[in-house]
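Notes to accompany the following structure.
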Amino acid sequence: MLILRYHKRVLKFSKMITQLNHLLFFAPVLSEKTITQAHNPSFFSFKSRLFCNYGFDNHPRASLIESPQSPTTSGRVSRYARTEAQKVLFDYLHCTRSLGFADAEHISKNSPHFLQNLIMKLDSEKDVARSLRKYLRYNPINEFEPFFESLGLPPSELPLFLPRHLMFLSDDHLMLENFHVLCNYGIPRSKMGKMYKEAREVFAYDYGLLASKLRAYEDLGLGMGTVIKLVSCCPSLLIGQIKMEFIKVLEKLSKLGIEEDWIGGYISHKSTYNWNRLVDTVDFLAKVGYTEIQMHDLFKSNPSLLLEDSGKKVYVLFGRLVKLGLKMNEAYSIYKQNPVILSGKYVKNILRAVDFLFDIGLGTEDIAGIVSHQILLLGSCTLKGPKTVCKELKVGKEGLCLIIRDDPSKLFALASKSKLKSSEQASCQNPAKQMEKTTFLLKLGYVENSDELAKASKQFRGRGDQLQERFDCLVNAGLDCHVVTNIVRHAPMVLNQSKDVIQEKIDCLRNCLGYPLHTIAAFPVYLCYKMERINTRFSMYRWLRDKGAAKPNLSLSTVLACSDARFVKYFVDVHPEGPSMWESCKKHGLHNHS
């Protein structure tokens, strides 16, 4: 009985110490008058070092993951209340719990679910800051909850990752140390939730180990940006020794002439990667007859073929060809003779066409014949659904099957989503020109099979080799390759002009207008204006400048981009002789370009 009473007193004393700790470190600063009026002055002389962090059990009362909603509050929290709660949580974590400024700020601004549950604990939203401070004095929170939520973990999954018997982040020294190593390396905090979920042991590494693993990947020739993308998308790379299968992937790509950092530009955190299968995909393509040059061009123009599902598309198409009754050497031959079928949407279109033909009841042998002889056209065209085609033709599937069996070429005329002219159909049978254009656009940074790429394909006019020639014209003039890429992505119409026209405008810029070449980077649309507009306006501007009525060194956009009415107001009417000079400039400009 005495022992039981003793334990109760110890437990009660421990609870009092905990509350006292939070009262002291989160209460507002007391005035000297208040201190002198206290009954026990020594109460305020305790040092913070006397109150260490105890290993509290993860008690439900301290957890806010599934906190019940207060009956006096609604389910929605106002923006003002949320902002005030963020400030209080920041003060609590930074000032009271001594977390670093950046950590406390990120947690407070990126844990909305936790904050909402915290606000629901209050009686009202009238004075959120004051009420929340008071609440936190007597109710210590489990700091791991807002911390994990700020890393991107869904609130519903948090209970799976909360450590037992710990409430304060500072109690898990190794976890914080490794978290800061990743932060300092440049890995976004929002990506670390995925890393913690898939490779929790990484956050338990001893001091210095994680940093050494990151350096090891840099030693393979990878840039820091690529390492950041790799480990945030594939955290398992940091577990154990350096993955030999990943090194083999880099070796295979290097043999094809693809630089090490290429892979970092296309991997995605939404996908998982089987490095062994990536190696097998390269070996498989070599086996069916692809040369190293062909594989280099294929992967550079269509990175998703290799990296999406770790090369699964290659095997799926090959398996379909074999299932249709083609022999292995016949399937190999199709791959070898038509390497373009693995580019762009070809694989998807071919598989959809095969499903279409099966759906209308065409025999396997007939399908194999169509695929063997028309595989390029099948890959180039996106087909409608069988029901849609039957409805348009007012026939059943059996009737449609008979039509296509008698004349397979009618499949494309009847079922293609885009009605092709005979000339366009011929280009589909030999899609090298379209592939050249797509390859060029991919080099500019457009994403394979994206809406942006489809839109750009319509904006850029001309063949791929013509676009490349115009691009090279700007580079050869002295602009950096990356600068030219930015120029044409922001102003695609620049490349819709011939090489000679582009060269003429560059010569005019340098020799006639007296502007340096780099001004094009700031105003690329200059290259899109007609020479008549450029000559007439700058002739007027130079005359006005010589008369002292215009500022020297005005930008290209100031002279060219304004409307005709605005130009007349600010560059013509400002001088008594301006209107007559402007008419002379226009006549001279028309004469030069008539």
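Residues take their numbers from the sequence shown, with the count starting at 1. Both backbone and side-chain heavy atoms feed into the values below; hydrogens, waters and symmetry mates do not.
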Fill in: Close side-chain approach of L411 and L378, heavy atoms under 4.5 Å
yes
Discussion item. With a sphere of 6.0 Å drawn around CD1 of I293, does it hold more than 12 non-hydrogen atoms of other residues, nucleotides or ligands?
Written reply: no
Worksheet entry | Distance in Å, N276 CG paired with M244 CE, rounded so as to fall on 0.5 Å steps | 11.0 Å
Worksheet item: Is atom NZ of K499 surrounded by more than 12 heavy atoms (other residues, nucleotides or ligands) closer than 6.0 Å?
Response: no
Worksheet item: Are L182 and N178 close enough that some pair of their side-chain heavy atoms sits under 4.5 Å apart?
Response: no
Worksheet item: So, does D359 use its side chain to make a donor-acceptor pair with the main chain of D355 at under 3.5 Å?
Response: no
Worksheet item: Regarding N184 and H180, is there a side-chain donor-to-acceptor distance under 3.5 Å anywhere?
Response: no
Item to complete: Apply the side chain to side chain contact (heavy atoms under 4.5 Å, CB included) test between E145 and each candidate in L162, L153, N117, I107; give the one that qualifies.
Response: L162
Discussion item. Strictly distance-based, threshold 3.5 Å: is any side-chain N or O of K213 a donor or acceptor partner for the main-chain N or O of G240?
Written reply: yes
Fill in: Minimum side-chain heavy-atom gap V314-L306 below 4.5 Å
no
Practice prompt. Drop me the distance from I228's CD1 to S232's OG, to the nearest 0.5 angstrom.
Written response: 8.0 Å
Worksheet item: Is there side-chain contact between D472 and V484, with heavy atoms separated by less than 4.5 Å?
Response: no
Practice prompt. Test Q497 against every option in Q503, R470, K505 by the side-chain hydrogen bond (donor to acceptor under 3.5 Å, both in side chains) rule and name the one that passes.
Written response: K505
Worksheet item: Say you draw a straight line from NZ of K229 to OH of Y266; how long is it, rounded to the nearest 0.5 Å?
Response: 10.0 Å
Discussion item. Taking the side chain as everything from C-beta on, heavy atoms only, tell me whether R320 gets closer than 4.5 Å to V354.
Written reply: yes
Practice prompt. Rounded to the nearest 0.5 Å, what's the gap from OG on S236 to CH2 on W275? Could you check?
Written response: 8.0 Å
Worksheet item: Aromatic ring centroids of F147 and F179 under 6.0 Å?
Response: yes
Discussion item. So, taking the atom named CG in D366 and the one named CZ in R405, what distance separates them when rounded to the nearest 0.5 Å?
Written reply: 5.5 Å
Worksheet item: Crowded around R200 CZ? As in, over 12 foreign heavy atoms under 6.0 Å?
Response: yes
Discussion item. I'd like to know if E292 and K252 make a salt bridge, using a cut-off of under 4.0 Å between side-chain N and carboxylate O.
Written reply: no
Worksheet item: Can we call the ring centroids of F318 and F284 under 6.0 Å apart?
Response: yes
Practice prompt. Using the six-membered ring wherever Trp is involved, compare the ring planes of F299 and W262 and label them parallel, tilted or perpendicular (cut-offs 30° and 60°).
Written response: tilted
Discussion item. If you define the side chain from C-beta out and look only at heavy atoms, does anything of L238 sit under 4.5 Å from M195?
Written reply: yes
Practice prompt. Measure centre to centre between the rings of F203 and Y196, then say whether the value is under 6.0 Å.
Written response: yes
Worksheet item: Is the count of non-hydrogen atoms from other residues, nucleotides or ligands lying under 6.0 Å from K248 atom NZ greater than 12?
Response: no
Item to complete: State, with a plain yes or no, whether a side-chain heavy atom of P163 is found less than 4.5 Å away from one of M175.
Response: no
Item to complete: Quick one: pull up CZ in F114 and CG in L158 and give me the separation to the nearest 0.5 Å.
Response: 10.5 Å
Worksheet item: So K194 and E198, salt bridge (charged side-chain N to carboxylate O under 4.0 Å, His left out) or not? Walk me through it.
Response: CA-CA 6 Å; K194 172 184 171 71; E198 297 181 6; 2.7 Å; yes
Worksheet entry | Check: Q468 and D465 side chains under 4.5 Å, non-hydrogen atoms | no
